[in-house]
Amino acid sequence: MILTPNSPGRGTRSVEEKENSRWRFAISVLVWMLVMVSSTKTVTAQNQVMGQLDFEGKTKVERDSGVWIDGNYVGYLKELNGTKKVMLLPGTHEVTVRQSGYVDFVQKVVIEPGEKRLISVSLHLAPSATVPEVTATLKLKVKPERAAVFLDGKFVGHAGDFGGSFKSMKISPGKHRVRVELPGYRTYDTEINLLANQVSEVKTELPKGSIEQNTPLIKKPDDKPQQRP
């Protein structure tokens, strides 16, 4: 049988198809709403359990300093907000803020469920901090820029501190070991040998990896961490 555009059979099937299409659309919207409501409830529940830790630093030194929570590097101070904000389980946590040439800022905080705590960081020059009379210049072009940089086993800053036209590291001539680490990425490790007044650049992009591949430096960047007086 051949159906014409105005035939009853064609019209009935067209109505049924439209009705089925409306139902499929309605069911899809309902499923999407249920998923969104479930996700919102999960996030809300997590926010009620987790506490949030915010940071502030008055100078560029503090804002560019590395932050460790319970011995784990989490990033540099001024970036720890928005999608990188620090959420912690309730309890006592130790916050350590480090910057090359400065005494470590160490503070223990008690986090309550759903609480927001603000840590005001103030760093002081280390009494033993010295600058070599003769230096070489090291520049870093590293991705991600938030990765921690260690020079001869000592934390010196994050990669973004030492890249760009006007950013670099002044170090003594000779052999040095440069290590770049970030939790969740593979470690970059190299040895350099610089002459006096030489300018050198290290370029690398850290590949994704496991936190289990990080060395102890990311947790203990100093042999004898200095405590805040």
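When each of Ile192, Thr190, Asp189 is paired with Arg177, the side-chain contact (heavy atoms from CB on, under 4.5 Å) condition holds for Asp189 and for no other.
Listed for the Arg117 side chain is a donor-acceptor partner under 3.5 Å among the backbone atoms of Val110.
Under the rule for a side-chain hydrogen bond (donor to acceptor under 3.5 Å, both in side chains), the partners of Asp152 that lie at least two apart in sequence or sit in another chain are His176. For Asn193, the side chain to side chain contact (heavy atoms under 4.5 Å, CB included) partners are Lys175, not counting sequence neighbours. In this view, Tyr76 and His158 satisfy the ring-ring contact (aromatic ring centres under 6.0 Å, His included) rule, not counting sequence neighbours.
Using a 4.5 Å heavy-atom cutoff, the side chains of Ile119 and Phe105 are in contact. By the 4.5 Å heavy-atom criterion applied to side chains, Met50 and Leu88 are not counted as neighbours. Using a 4.5 Å cut-off on side-chain heavy atoms (C-beta onward), Val95 and Val109 make contact. You'll find the side chain of Gln52 reaches within 4.5 Å of the side chain of Lys85, heavy atoms only. A heavy-atom distance below 4.5 Å is not found between the side chains of Val180 and Thr187. In this structure, Leu89 and Pro113 have side chains that are not in contact, with every pair of non-hydrogen atoms separated by 4.5 Å or more.
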Kindly indicate, with the supporting measurements, whether the criterion salt bridge (Lys or Arg N to Asp or Glu O under 4.0 Å) is fulfilled by Lys116 and Asp54. CA-CA 7 Å; Lys116 283 188 179 182; Asp54 295 329; 5.3 Å; no
Do Val67 and Leu80 pass the side-chain contact (heavy atoms from CB on, under 4.5 Å) test, and can you show the C-alpha distance, the side-chain angles, and the key distance before you say yes or no?
CA-CA 9 Å; Val67 179; Leu80 298 179; 3.9 Å; yes
inquiry  = Determine whether His124 and Tyr102 satisfy the following criterion, side-chain contact (heavy atoms from CB on, under 4.5 Å), listing intermediate values before the conclusion.
reply    = CA-CA 5 Å; His124 305 278; Tyr102 289 79; 5.5 Å; no
| message | If you apply the rule side-chain contact (heavy atoms from CB on, under 4.5 Å), what do you find for Asp104 with Val97, and how did you get there? | response | CA-CA 6 Å; Asp104 288 354; Val97 182; over 6 Å; no
**OP:** Could you walk me through whether Tyr73 and Leu182 pass the side-chain contact (heavy atoms from CB on, under 4.5 Å) test, one step at a time?
**Re:** CA-CA 8 Å; Tyr73 178 76; Leu182 184 64; 3.9 Å; yes
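Rounded to the nearest 0.5 angstrom, Leu151 CG and Arg179 CZ are separated by 11.5 Å. Expressed to the nearest 0.5 Å, how far CG of Asp70 lies from NZ of Lys108 amounts to 9.5 Å. Taken from CD1 in Ile69 to OG1 in Thr96, the straight-line distance is 8.0 Å, to the nearest 0.5 Å. Summarising the geometry, atom CZ belonging to Phe150 is positioned 5.5 Å from atom CD belonging to Glu181; distances are rounded to the nearest 0.5 Å. Taking CD of Gln107 as the reference point, atom OG of Ser122 lies at 11.5 Å (rounded to 0.5 Å).
Residues in residues 195-206 take part in no side-chain hydrogen bond (donor to acceptor under 3.5 Å, both in side chains) pair, two or more places apart or across chains. Pairs of residues two or more places apart, or lying in two chains, that qualify as side-chain hydrogen bond (donor to acceptor under 3.5 Å, both in side chains) and include a residue from residues 57-66 are Thr59-Glu62, Lys60-Asp64, Asp64-Lys78.
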For residues 133-146, which side-chain donor-acceptor pairs fall under 3.5 Å, sequence neighbours excluded?
from: Thr137; atom 1: OG1; to: Lys170; atom 2: NZ; distance (Å): 2.8
from: Lys139; atom 1: NZ; to: Gly164; atom 2: O; distance (Å): 2.6
from: Lys139; atom 1: NZ; to: Lys167; atom 2: O; distance (Å): 2.8
from: Arg146; atom 1: NE; to: Glu79; atom 2: OE1; distance (Å): 2.9
from: Arg146; atom 1: NE; to: Glu79; atom 2: OE2; distance (Å): 2.9
from: Arg146; atom 1: NH2; to: Val74; atom 2: O; distance (Å): 2.7
from: Arg146; atom 1: NH2; to: Glu79; atom 2: OE2; distance (Å): 3.0

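The aromatic ring centroids of Trp68 and Phe155 lie less than 6.0 Å from each other.
For Val61 against Gln99, the heavy-atom pair with the smallest separation is O-NE2, 3.3 Å. Considering all non-hydrogen atoms of both residues, Leu125 and Val103 come closest at O-CG2, 4.0 Å. Among all heavy-atom pairs drawn from Val86 and Phe55, the shortest one is CG2-CE1, 4.1 Å. Among all heavy-atom pairs drawn from Pro90 and Val49, the shortest one is CG-O, 3.2 Å.
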